[in-house]
J.: 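Sharing a structure here in structure tokens format.
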Amino acid sequence: MRLYNSLTRKLEDFEPLDPQKRAVSLYVCGPTVYDVPHLGHLRSAYVFDVLRRVLARRYEVKFVRNVTDVDDKIIERARKEPDASQDLNAACRAVSERYLKAYHEALAALGIQAPTHEPKATEHVLPSTDPAGSKEGQAKVQGMTDLITQLLIKNVAYQAGNDVYFSVRKFETYGKLSNRTLDELQSGARVEPGEQKQDPLDFALWKAAKPGEPSWKSPWGDGRPGWHIECSAMSVKYLGPVFDIHGGGLDLIFPHHENEVAQAQAAGFPFARRWIHHGLLTVNGEKMSKSLGNYITLERAIADGGSAEAVKLFFLKTHYRSPADYSATKLAEAKKNLDDFSRFLQHSGQVAGAGEALPAAIAAKKQSFFDALEDDLNTPKALSCLFDWMNAGQQLLDSGSGAKAIADALLECAAAIGLSFGGAGGLPDAEIQRKIDDRNASRQSKDFKRADAIRKELEQSGILLTDTPNGVRWQRK
Ligand SMILES: [Zn+2]
């Protein structure tokens, strides 16, 4: 498998940290929960879901995606809550809980698998142990204040008033990930009013509490962590001092990821071995924003005539490292493609026969599908295999022959990237069975939220499930 590494700016063969164990550790920066997610957030979640699924064919994947539930934007949003003036803390909690729920619901609607761990920033400010964490990681870092203390001891951080800052000039390789020199960074650096930085390049590890805002007791006084420290601390805590892959959007390379590297490595942890960044999403060529009225949520995309699966197909059509541009026309096109797939699958289910002498051709095609995915997640190329298949299968059907073998292979490949073909002519039997298997697996791993989402999704496609002592039975409405 080859993956592009943003750190070396090269395509590299992927070798996990511990090839013997066949395990891969992956950390992805998750949402800051102050609003409903837009399609940019969902693209990010789906890119890493596909990566995880592709890796999972070869390795056991430990996937950590954090939740930033304390942040200026959350506090700002919480001030608009009706009872914010009485208890801003409770308002912050209400806001972050509400929008984390909205994030989970959107991901469940897209069939995106839950991470192995989803640590919340607010639960990792102070040291605590977690049986699910990495033993080696927790021996070094249990909470964000542990890491800040280590940076102070190593003299790469300093206290100024009740704030703590990281001394960027004391970390020699600063700028390596984002490929910038200190001189370039210097010109963009600023000292905000109230900050007591020694150097405009420095960034906050700990910020003194402001009246009414969420805060924690620390050796430096009451306050809250800077944003960057949570990911360094939580990745080490759950994955250990060194792990395979760190991912996020291109907009996070600087300063967020650059600062994550600085904090972790200055404390003595090798940290992420490779970095994966995905391109950003625009809407009709413009950056998404509420003020422009182009803040596209999943709900809005569905109202535009799309569906959860059409949104995913739209994402797959662009390579993850490239920018993607959303438009209602492109979504409608993806929806039409899905309907074509559905019709073909429906049709293939009605004609007897697996199809003529195709096993070798099917195996070769399957190989090229997975080869494309393993070549830096080339989803546009992988998708073209599915389209070729459908066209070849349709020709067989038109000539009166069966095409079940092609249909099954198509479904198997689509399932490997979390894509399913509901809609138009109803779900084909094999697809229903696949979803039921997926639901059973979710229930076994106690991911009841996902199991429930699958049941609901099937129900919306007109399939009713009945759980019996002998397993699940299904029928069409
Ligand atoms: Zn992060």
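Excluded from the calculations below are hydrogen atoms, water molecules and symmetry mates; all remaining heavy atoms, backbone and side chain alike, are included. In listed order, ligands and their atoms are each counted from 1.
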J.: Using 2.8 Å as a strict upper limit, say whether an N, O or S atom of His257 approaches the Zn ion (ligand 1) that closely.
T.: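 Short answer: no, not a single N, O or S atom is under the cut-off.
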J.: Mind checking the OH-CG spacing from Tyr34 to Leu100? Nearest 0.5 Å is all I need.
T.: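 Rounded to the nearest 0.5 Å, the OH-CG separation comes out at 15.0 Å.
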J.: I'd like the atom name of the N/O/S atom in His256 lying closest to the Zn ion (ligand 1).
T.: NE2
J.: In a check of side-chain hydrogen bond (donor to acceptor under 3.5 Å, both in side chains) between Arg2 and each of Asn378, Asp375, Asp376, which one passes?
T.: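 Checked Asn378, Asp375, Asp376 against Arg2; only one passes side-chain hydrogen bond (donor to acceptor under 3.5 Å, both in side chains): Asp375.
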J.: Hey, are Lys217 and Asp222 close enough for a salt bridge, meaning a charged N less than 4.0 Å from a carboxylate O?
T.: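 A salt bridge is present here (some side-chain N lies under 4.0 Å from a carboxylate O).
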J.: Exactly one of Tyr238, Tyr27, Phe63 should register a ring-ring contact (aromatic ring centres under 6.0 Å, His included) with His117. Which one does?
T.: Tyr238
J.: Assess Cys231: does it contribute an N, O or S atom lying under 2.8 Å from the Zn ion (ligand 1)?
T.: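 Yes.
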J.: Regarding Glu260, does it place an N, O or S atom less than 2.8 Å from the Zn ion (ligand 1)?
T.: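 Coordinating: yes.
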